[in-house]
Amino acid sequence: MSGVTRGQGKEAVRLCEHIVRQAFGNVVCRVASVLLNRGRLPILILSRLSALTRKSTAASLLILMQHNLVQTTSLTLLPDPPQGMSSSDDQYEFDVSECLHRLRYGRVLALTAGWPTFGKLASTAEEIVRMVMLYGKVKVRDLRGSLAGDGDAIRASAVQEAMLLLVRWRFLIPTCPELQILEAEIIQRRYNHLKTQTQRNSGAKVLSANQINEARLSARNQVLNERDALQALEKVLTRREKINKKRKKGEDEYDYDLKPDVSLRINHDRYGILIRDELIVKAAEDRWNVGAGIVMRAVCSAAVNEHSTLSEARTGTDVMFNEIIARIPHEAYPVLGPGIIGGTSKSTADIVRAYLAILAGEDQMLANGSAFLSKTSSTNPAYKIELERVCVKIREALLSELVRQRVGEKAGRVLAVVTKAKIASEQTVRDCAMLPLKDARIHLARLQKLNLVETTEVPKSGAKMRINMPSAAEYHLWSVDLPRVYNSLLSNIYKTIGNTIQRRAAEVEKRTTLLEREAKAVRLGGRALLQTKDQNDLGSLEESVKKLVTGQERSDLVAFILRDLPGWPAK
């Protein structure tokens, strides 16, 4: 189940409306609201339902498409458009998942500024990413012109180098009008074409199930490969051999440049990988100690390459031991030794090997396949991160923590028993959760009221005997539908974030006059010109907004764990 599908729902729609209103104003929000609530629509009907002129509707759609929030069915954007199509045939659809990514902008800027590869270029890279956030899609030429300045060669060189790093590490990716077309629309049209072509070649009016399935898979693969090619590095990056063949050790043998006419946009999937790696490092620290987190961070850093994706079940690159050692900072060495028994008397390489053996489960202490790493070789050890396995554990731990905060420790034990057993009777819950039967029934009822557990009816007599149950056993058992539980929690998280945005807008609106006085004082000489009461009120407003923003970021991180991490449970 994709993240877009899981993102649909009334709370997600309400949250997207708040996000669009806060970013673009009420007029654009009216167009977005109609698309969110009505689905795919042509511009004439969209204009009528939003009570706007066609010109205003078209301008709002242009803004939303510039920020990748709306996609179209128009095939006139393709290099070889079909005959007989006009703009009135186009339909537009809102992209919920892309809109929800806007909640992550603050975290994206922090990750850009703190990524070690940028080094001294971190602030310049942050400015570039901020400008792309502001305008949605920006051409390379415009980024250079607005950030490099006039006549400042040092600044221009820093901007060029930072842009190259952002593009080569896939934080910014190329985009084009063809990517604005709905993927499902292109796949359906390609499927219809392949099906017609197969009928013509075979001479059969009705195709077999295998032929239909093959046409559908072929259409999907062709479209996905074409879209990946449109976002490849070669579309924006050019390289040429260095004039001076002599180069330092580790220096690249090519000179790179960016094509000025190509537009760039933020690659949320790449930033999602960094957030995922931080969660895995935190999980290793919670499971073992700080030293294990340091080693795990080095493994994650070495495993990331230009082909890494957020949805992959395990890392595709084997990480060698020497690469892990090279990515552990020297100032972290004193922390590694105390975390291992007898580690103070061992060399750093032996200590890291001991940590890797623990993370890979070589000590056989990690039951149920909960090892973070898998060892792919014994003579020359190489490791891969079991991303899906770790992310499943992170999601389950989050669910357990949320339940314990909401309904208490005992109810958390009851839910853990039912989740692990898949299907459990009240007696099983009583025995495994170590609770009286009366208390177990009360907690099961509370969990059922929160849509966390459900009852499963067991058939009578002969059917019970076939599944090795006594005929006198109860007719209802308890179970957990994890996809439904996660969707329910996700809906509640969206509701919380929407309420937080609404509350922050209300707090600012109540103090509009105070903010106007502050702006006037800043123009005249600073906030010190304001009265003491106004300064205290401004401090109170800033504190309230800071708390709301912090709560919003934490809630968005919970939504990221529930929605974006791999390992979504199958029904």
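What you see is a predicted model; the values in this text were computed from it and never measured.
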S.K.: Please check: side-chain N/O of T512 versus main-chain N/O of E509, any donor-acceptor pairing under 3.5 Å?
M.R.: yes

S.K.: Can K259 and T238 be said to form a side-chain contact (heavy atoms from CB on, under 4.5 Å), step by step?
M.R.: CA-CA 7 Å; K259 299 178 182 178; T238 59; 3.5 Å; yes

S.K.: Could you walk me through whether E543 and K547 satisfy the salt bridge (Lys or Arg N to Asp or Glu O under 4.0 Å) test, starting with their C-alpha distance in whole Å, then the side-chain angles of each, then the deciding distance to 0.1 Å, before giving a yes or no?
M.R.: CA-CA 6 Å; E543 184 179 358; K547 290 180 180 178; 3.6 Å; yes

S.K.: So does N487 get a backbone contact from the side chain of S491, meaning a donor-acceptor N/O pair under 3.5 Å?
M.R.: no

S.K.: Write down the atom of Y135, the atom of Q66, and the distance for their closest heavy-atom approach.
M.R.: O-NE2, 2.9 Å

S.K.: About how many Å separate CZ of R554 and CD1 of I493, when rounded to the nearest 0.5 Å?
M.R.: 13.0 Å

S.K.: Does the side chain of L41 come within less than 4.5 Å of Y92's, by heavy atoms?
M.R.: no

S.K.: One thing to verify: whether R189 and E185 come together as a salt bridge, which I'm taking to mean a side-chain N less than 4.0 angstrom from a carboxylate O.
M.R.: yes

S.K.: Out of curiosity, L166 CG to T117 OG1, how far, rounded to the nearest 0.5 Å?
M.R.: 11.0 Å

S.K.: Under a 4.0 Å N-O cut-off, is there an ion pair linking D318 with K384?
M.R.: yes

S.K.: Would you check if the side chain of T72 reaches a backbone N or O of I181 as a donor-acceptor pair within less than 3.5 Å?
M.R.: no

S.K.: The test is side-chain contact (heavy atoms from CB on, under 4.5 Å); show your working for Y383 and T315 and say whether it passes.
M.R.: CA-CA 9 Å; Y383 298 90; T315 51; over 6 Å; no

S.K.: Please say whether more than 12 non-hydrogen atoms of neighbouring residues, nucleotides or ligands are located less than 6.0 Å from CZ in R220.
M.R.: no

S.K.: For L565 and L279, which heavy atoms make the closest approach, and how far apart are they?
M.R.: CD1-CD1, 4.2 Å

S.K.: Salt bridge check, D228 against R170: does any charged N sit closer than 4.0 Å to a carboxylate O?
M.R.: no

S.K.: Do the side chain of R327 and the main chain of V299 share a donor and acceptor less than 3.5 angstrom apart?
M.R.: no

S.K.: Taking E11 first and then R14, would you say they form a salt bridge - that is, a charged N and a carboxylate O separated by under 4.0 Å?
M.R.: yes

S.K.: Measure across F560 and G272 and return the closest heavy-atom pair with its distance rounded to 0.1 Å.
M.R.: CZ-O, 3.4 Å

S.K.: Above 12 or not: heavy atoms from other molecules or residues under 6.0 Å from CZ of R503?
M.R.: no

S.K.: Hey, what do you get for CD (E98) to CD1 (I266), rounding to the nearest 0.5 Å?
M.R.: 9.0 Å

S.K.: Just by distance, with hydrogens left out, do S540 and D537 show a side-chain donor and acceptor under 3.5 Å apart?
M.R.: no

S.K.: May I ask you to say whether E226 pairs ionically with R190, meaning some side-chain N is under 4.0 Å from a carboxylate O?
M.R.: yes

S.K.: Does a sphere of radius 6.0 Å around CZ in F24 hold more than 12 heavy atoms from other residues, nucleotides or ligands, not counting ones at 6.0 Å or beyond?
M.R.: yes

S.K.: Does any non-hydrogen side-chain atom of R54 lie less than 4.5 Å from one of I43?
M.R.: yes

S.K.: Minimum heavy-atom separation for V20 and C99, please, with both atom names.
M.R.: CG2-SG, 4.1 Å

S.K.: So, does S301 use its side chain to make a donor-acceptor pair with the main chain of R297 at under 3.5 Å?
M.R.: no

S.K.: Would you compute the distance between atom OG1 of T57 and atom CG of L52 and round it to the nearest 0.5 angstrom?
M.R.: 4.5 Å

S.K.: Taking atom CD1 of I154 as the centre, does the number of heavy atoms from other residues, nucleotides or ligands within less than 6.0 Å exceed 12?
M.R.: no

S.K.: Between E542 and K546, does any side-chain N to carboxylate O distance fall below 4.0 Å?
M.R.: no

S.K.: Within the distance-only criterion (no hydrogens, no angle test), does the side chain of S146 pair as donor or acceptor with the backbone N or O of D142 below 3.5 angstrom?
M.R.: yes

S.K.: To the nearest 0.5 Å, what is the distance between OH (Y494) and CG (N499)?
M.R.: 15.0 Å

S.K.: Determine whether L143 and V132 make a side-chain contact, defined as any pair of heavy atoms from C-beta on separated by less than 4.5 Å.
M.R.: yes

S.K.: With a 4.5 Å limit on heavy-atom distance, are the side chains of L237 and L258 in contact?
M.R.: yes

S.K.: Can you tell if the side chain of R102 reaches within under 4.5 Å of the side chain of L69, non-hydrogen atoms only?
M.R.: yes

S.K.: Can you tell if the side chain of L35 reaches within under 4.5 Å of the side chain of E93, non-hydrogen atoms only?
M.R.: no

S.K.: Would you check, one step at a time, whether the test side-chain contact (heavy atoms from CB on, under 4.5 Å) holds for Q180 with N68?
M.R.: CA-CA 7 Å; Q180 206 71 51; N68 303 293; 4.0 Å; yes

S.K.: Show, in sequence, the C-alpha distance, side-chain angles and deciding distance for S157 and E161, and conclude whether the side chain to side chain donor-acceptor pair (under 3.5 Å) test is met.
M.R.: CA-CA 6 Å; S157 176; E161 191 174 351; 4.9 Å; no

S.K.: Please state whether the rings of Y271 and F171 are parallel, tilted or perpendicular, taking 30° and 60° as the class boundaries.
M.R.: tilted

S.K.: Would a 4.5 Å heavy-atom cut-off, applied to side chains only, mark R517 and K520 as touching?
M.R.: no

S.K.: If I take atom CG from residue L230 and atom SG from residue C176, how far apart are they, to the nearest 0.5 angstrom?
M.R.: 4.5 Å

S.K.: Testing the basics here: between V545 and R504, what is the closest heavy-atom pair and its distance to 0.1 Å?
M.R.: CG1-CD, 3.9 Å

S.K.: Given R104 and D564, is the side-chain contact (heavy atoms from CB on, under 4.5 Å) satisfied, shown in steps?
M.R.: CA-CA 13 Å; R104 212 174 294 163; D564 296 335; 2.8 Å; yes

S.K.: Name the one of R227, Q71, Q188 that satisfies side-chain contact (heavy atoms from CB on, under 4.5 Å) with E183?
M.R.: R227

S.K.: Is it true that atom CZ of R155 has more than 12 heavy atoms of other residues, nucleotides or ligands lying nearer than 6.0 Å?
M.R.: yes

S.K.: In sequence, state the C-alpha distance, the side-chain angles, and the governing distance for S218 and N221, and then conclude on side chain to side chain donor-acceptor pair (under 3.5 Å).
M.R.: CA-CA 5 Å; S218 178; N221 290 334; over 6 Å; no

S.K.: Are side-chain heavy atoms of L172 and I128 found at a separation under 4.5 Å?
M.R.: yes

S.K.: Between the main-chain N or O of S50 and the side-chain N or O of R30, is there a donor-acceptor pair closer than 3.5 Å?
M.R.: yes

S.K.: So which atom in S33 and which in E17 form the shortest heavy-atom distance, rounded to 0.1 Å?
M.R.: OG-OE2, 2.8 Å

S.K.: Is a side-chain N or O of T73 found less than 3.5 angstrom from the main chain of D90, in a donor-acceptor match?
M.R.: no

S.K.: Just by distance, do the side chain of K235 and the backbone of T175 share a donor-acceptor pair under 3.5 Å?
M.R.: no

S.K.: Can any side-chain N or O of R107 pair as donor or acceptor with the backbone N or O of D556 at less than 3.5 Å?
M.R.: no

